[in-house]
Amino acid sequence: MPGRTSGCGGTGRRNRFRALSDEHRRSVMTELAADHSDSERGCNSFNLPISKQTQTHHFRVLREAGLIDEIDYGNRKGIRLRRTAIEKRFPGLLALLEAGPPDGTAPH
């Protein structure tokens with residue numbers, strides 16, 4: 001049975017917003033927010049122009065901030081958005097992420 005890890009512990013609001021301050025983590029969250037079926041995604045399914053080690057770091061930050069769950073299958077990990085928890089604590093945050101930047105520019 002796969003192991004689940006989540007960062008829903010004692011992390012604060014500051015950690016969640018700090019997690020979203022990075023353009024790559026915001027990009028992951030935007031993709032996850034746009035998928036309203038909340039399907040599980042593989043870590044390598046995100047088109048991030050960064051090394052695998054850096055991707056691992058970014059997913060850990062998002063998990064520790066309580067924004068995603070990671071499902072450990074041993075040789076791979078699945079990522080799932082914690083939509084219900086996010087919407088409960090920060091109503092409208094996911095809609096803002098989906099809408100993108102106010103000036104219409106996309107992250108690099």
Side-chain angles (χ1 to χ4, degrees):
M1 173 170 249
R4 291 184 182 267
T5 55
S6 108
C8 60
T11 58
R13 185 175 304 171
R14 176 184 284 174
N15 287 345
R16 286 183 183 88
F17 287 118
R18 187 176 300 146
L20 295 173
S21 68
D22 179 87
E23 68 179 318
H24 299 300
R25 293 190 294 260
R26 229 177 11 262
S27 171
V28 167
M29 290 298 295
T30 299
E31 282 188 50
L32 291 171
D35 177 11
H36 292 274
S37 70
D38 291 332
S39 301
E40 182 180 308
R41 299 264 310 261
C43 293
N44 60 354
S45 70
F46 298 92
N47 190 20
L48 298 173
I50 53 179
S51 71
K52 188 172 183 169
Q53 294 88 349
T54 304
Q55 286 183 36
T56 299
H57 163 74
H58 286 307
F59 290 124
R60 185 179 72 241
V61 169
L62 291 171
R63 184 190 75 238
E64 289 174 353
L67 298 171
I68 64 169
D69 282 330
E70 282 186 337
I71 300 90
D72 189 350
Y73 293 102
N75 61 346
R76 67 180 179 88
K77 287 188 178 180
I79 304 295
R80 183 173 290 135
L81 182 68
R82 299 187 71 234
R83 184 179 300 274
T84 303
I86 295 168
E87 286 295 346
K88 182 177 179 181
R89 290 188 132 166
F90 304 102
L93 176 62
L94 296 175
L96 284 173
L97 286 170
E98 272 189 89
D103 62 359
T105 60
H108 307 316

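One-based numbering along the sequence shown.
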- Message: Do F90 and V61 land in one hydrophobic cluster if side-chain heavy atoms of ILVMFWY residues count as linked below 4.5 Å?
- Response: no
- Note on the structure: Given the options R82, R83, R80, D69 meets salt bridge (Lys or Arg N to Asp or Glu O under 4.0 Å) only with R82
- Query: Knowing that exactly one of R63, R60, R76 qualifies, which makes a salt bridge (Lys or Arg N to Asp or Glu O under 4.0 Å) with E70?
  - Reply: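 Of the listed residues R63, R60, R76, the salt bridge (Lys or Arg N to Asp or Glu O under 4.0 Å) partner of E70 is R63.
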As an exercise, state the distance from [atom1] of [X] to [atom2] of [Y], rounded to the nearest 0.5 Å.
{"X": "I50", "Y": "D22", "atom1": "CD1", "atom2": "CG", "result": "7.5 Å"}
{"X": "T54", "Y": "L48", "atom1": "OG1", "atom2": "CG", "result": "10.0 Å"}
{"X": "L62", "Y": "I79", "atom1": "CG", "atom2": "CD1", "result": "8.0 Å"}
{"X": "M29", "Y": "L81", "atom1": "CE", "atom2": "CG", "result": "5.0 Å"}

So which heavy atom on [X] is nearest to which on [Y], and how close?
{"X": "P49", "Y": "N47", "answer": "CD-O, 3.8 Å"}
{"X": "I86", "Y": "L67", "answer": "CD1-O, 3.5 Å"}
{"X": "I68", "Y": "F59", "answer": "CD1-O, 3.6 Å"}
{"X": "G42", "Y": "S45", "answer": "O-OG, 2.7 Å"}
{"X": "A19", "Y": "R25", "answer": "O-NE, 2.7 Å"}

Looking at side-chain heavy atoms only, is the closest gap between [X] and [Y] below 4.5 Å?
{"X": "F46", "Y": "E31", "answer": "yes"}
{"X": "L32", "Y": "R41", "answer": "yes"}
{"X": "V28", "Y": "H58", "answer": "no"}

- So, E98 side chain and T30 main chain: donor-acceptor pair closer than 3.5 Å or not?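 Here the side-chain-to-backbone pair does not exist.
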